[in-house]
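All remarks here apply to the structure that follows.
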Amino acid sequence: MKALAAHGSRLVWIGLALVAALGPFFLREIELFTASRILILALWATSLNLLLGQTGLVSFAHAAYFGVGAYAVALVWEHLGWSPLMGIPLSVPLGALLAFVSGAFALRAVRLYFALLTLALSQLVYVIVFQWYSFTRGDNGIHGIDMPEFLNGTANAYWFVLAVMVVAMIALRVIAVSPFGAALVAIRENRQRAAFLGINVKRYELAAFTIAGTFAALAGALFAVFNREAYPNLLFWTENSVPIFIILIGGMFRFWGPLIGAVVYVLLEETVAGQTEYSHFILGAILLVIVLVIPGGIEGVGEKVVARFRKQPAEVEVAA
Amino acid sequence: MTLDEFVIQLMAGLSRAGLLFIVSAGLSLVFGALRVINLAHGSLYMLGAFVAASVVTKVGSAIGLLPAVVVAAVLVAVVGVAIEIGILRRLYRQEHLLQLLATYGVVLVIADVVRYIWGPTNRSVAAPEFLRGSIGLMGGSFPIYSLFIIAVALAAGAGLWLVVNRTSLGRDIRAAIVDPEMLAGVGVNVSRLFTIVFALGAALAGIAGAIVAPSTAVGLGMDIEIIIEAFAVTIIGGLGSITGALIGAALVGIADSFGILLAPRLAVAFIFLAMAIVLAIKPSGLFGLPERA
């Protein structure tokens, strides 16, 4: 029964991916921009959720890794004259290295001190990008990156983003449900008990931090490929609000929560928040309501409703 | 650098340190008792600066600063009470990350509320006549207003020390820092105490905002700018310790002042580097409290 259910939900996701792949045939061009933004933000937020939801680590450095990935694309084009696409394979080891080094530093502390350390380290990266004019063009950013011909046309760029994003999401999913992922949940639930069980807590946390940073950089690289630009504000610490919102809206204790959150967030951004100049107020208020009223996010509420219909407790996926 | 220049630069650093101390002491006090890192502390500081700007515009600069400081402190404390009762109190039993995210929501809300009320343009606030200009110092000149900030910071520090160490409220606060459950057990209304501590922290942020207003452009973005430096101070000094806030503020303020002189673009990087080094050696800061399990 359980296996069947798992099989069924896999079919649902394959179906959704197929619908997404057919997007350019039924969406207008402007809607493809929206859809691409959803895909990129979903990947970014899902990578952060490996830390936030699964391991219980609050990081304010995730925007920095996203920005570094975007700059990898922009800088190989700007300085080496390579195809900007070379920035994508470059962003992966770069994000991994940066996340590993900063993670090793930040993980000397725990919980709140850890969160503050990630904030400090990410601001350090931001200041470097912002100030190093000769290399990054400073606060001007790099715009108008030339993409290879096969990416011309919004549909082609969209398909490219979708393909990379789906592969990355599958990889993240495999990690999340692996024994390694289960160990992360154990750490979130009780660090001490996890340690007694023989889990090297710091090492697992560092691994999770590195993996999350790597995928964030990949998402940033996709952003630069699709939008053809990179600018320092991508790395500013307040940018972390975007994936955090998405995770909270969608639900942090489910793997697919951030994907649902990304859809809701982008649509919200383009409807409600786009109509007013006070979008921060609205997002802040929504954040407060979620934290105070439904900390489980939309997916959590959805599962409760479904469970009530089925008259059985909701099956919990990553959460213990 | 001659000795004279060195002294002037040192004084400028101490003035910055004074401001940072008032802000960080509030942040640290709230953390010590409530174990909440208030990301919105910088927003309260910004609110104080804007309130002060309005008061000074209303009553004129001759005596404007005194009522401005009082009104800013009281109003911001009231906002603090609203935040504590309306939001944080509901989250004490929840995971710390939800508290952090809630105060982050407050940051976003206050930023837009300030923009709605005061608009996006910067304001400048005139200092009272007797605080304008400079005095001679070691052959150079030094702004009187910077001395004034140092004086206020010293007064705030002394006041805070007296409250924490010489009053019954302070005794409760010190007990809450160690063990709030035990404190509740002996009959203290801890919930009310938390509200008072948060209001006190907010008032300090409001005072700092009002004090800084005449020496800087009052504008949006003040919140983020100060909170990052205040974090640096509290991380170096250690969260929850007033002494830590004092030492941390002195270090960051002076590093700031000399950093700008030596390598203007890298001044901020110096601070973060110092922070990383301190934490690498002592993860809870120089005088910090370890996290409660």
Side-chain angles (χ1 to χ4, degrees), chain A residues 51-53 56-60 102 104-117 119-128 130-133 138 188 191-192 236-238 240-241 244-245 247-248 252 276-293 295, chain B residues 31 35-37 39-40 83 86-87 90-91 94-113 115-116 120 223-224 227-228 231-232 234-235 238-239 264-277 279-285 288 290-293:
Chain A
L51 298 179
L52 192 65
L57 290 172
V58 183
S59 166
F60 283 104
S102 48
F105 236 127
L107 281 166
R108 289 190 50 86
V110 290
R111 308 212 302 177
L112 291 172
Y113 282 99
F114 165 79
L116 290 181
L117 257 187
L119 189 138
L121 290 165
S122 81
Q123 281 301 101
L124 197 58
V125 180
Y126 166 76
V127 170
I128 292 170
F130 188 81
Q131 301 282 14
W132 197 353
Y133 271 83
R188 182 194 76 208
R191 291 170 62 90
Q192 213 169 11
F236 197 65
W237 74 279
T238 51
N240 287 302
S241 61
I244 289 174
F245 271 125
I247 290 171
L248 279 174
M252 68 169 85
T276 157
E277 50 175 318
Y278 298 105
S279 56
H280 278 153
F281 178 88
I282 292 171
L283 294 176
I286 292 173
L287 179 60
L288 285 174
V289 169
I290 292 174
V291 168
L292 291 171
V293 184
Chain B
F31 175 82
R35 294 298 155 119
V36 168
I37 290 186
L39 291 173
I83 292 172
I87 300 165
R90 294 158 203 274
L91 296 174
Q94 300 270 11
E95 289 180 60
H96 64 285
L97 79 92
L98 286 179
Q99 300 162 1
L100 205 58
L101 295 176
T103 63
Y104 190 59
V106 176
V107 170
L108 296 170
V109 168
I110 291 185
D112 265 0
V113 167
R115 195 155 61 96
Y116 176 77
D223 50 350
I224 304 292
I227 195 68
I228 288 180
F231 278 156
T234 40
I235 285 177
L239 278 161
R265 289 180 161 187
L266 294 176
V268 190
F270 277 137
I271 295 172
F272 291 124
L273 211 60
M275 201 162 129
I277 291 169
L279 274 167
I281 298 163
K282 201 162 178 297
S284 55
E291 292 213 41
R292 240 175 239 150

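Numbers restart at 1 for each chain; the letters A, B, ... are given by sequence-line order, proteins then strands.
- Heavy atoms closer than 4.5 Å to chain A are found in the side chain of B:L91, but not in its backbone.
- Nearest approach of A:Y278 to B:Y116, heavy atoms of both residues: OH-CA, 3.5 Å.
- Heavy atoms closer than 4.5 Å to chain A are found in both the backbone and the side chain of B:I87.
- Contact of A:F60 with chain B is made through the side chain alone, with heavy-atom distances under 4.5 Å.
- When heavy atoms are compared at a cutoff of 4.5 Å, A:A115 approaches chain B solely by way of its side chain, counted from C-beta outward.
- Of the atoms belonging to B:I228, it is side-chain heavy atoms, and not backbone ones, that fall under 4.5 Å from chain A.
- Only the side chain of A:F236 has a heavy atom closer than 4.5 Å to any heavy atom of chain B.
- B:L98 CG to A:L292 CG: the interatomic distance, rounded to the nearest 0.5 Å, is 9.0 Å.
- For the atom pair A:L119 CG and B:I227 CD1, the distance stands at 9.5 Å (nearest 0.5 Å).
- Heavy atoms closer than 4.5 Å to chain A are found in the side chain of B:R90, but not in its backbone.
- A heavy-atom distance below 4.5 Å is not found between the side chains of B:Y104 and A:V58.
- Here the closest heavy-atom approach between residue B:D112 and residue A:H280 is recorded as OD2-N, 3.0 Å.
- Across all non-hydrogen atoms, the minimal contact from B:A102 to A:V291 is CB-CG1, 4.1 Å.
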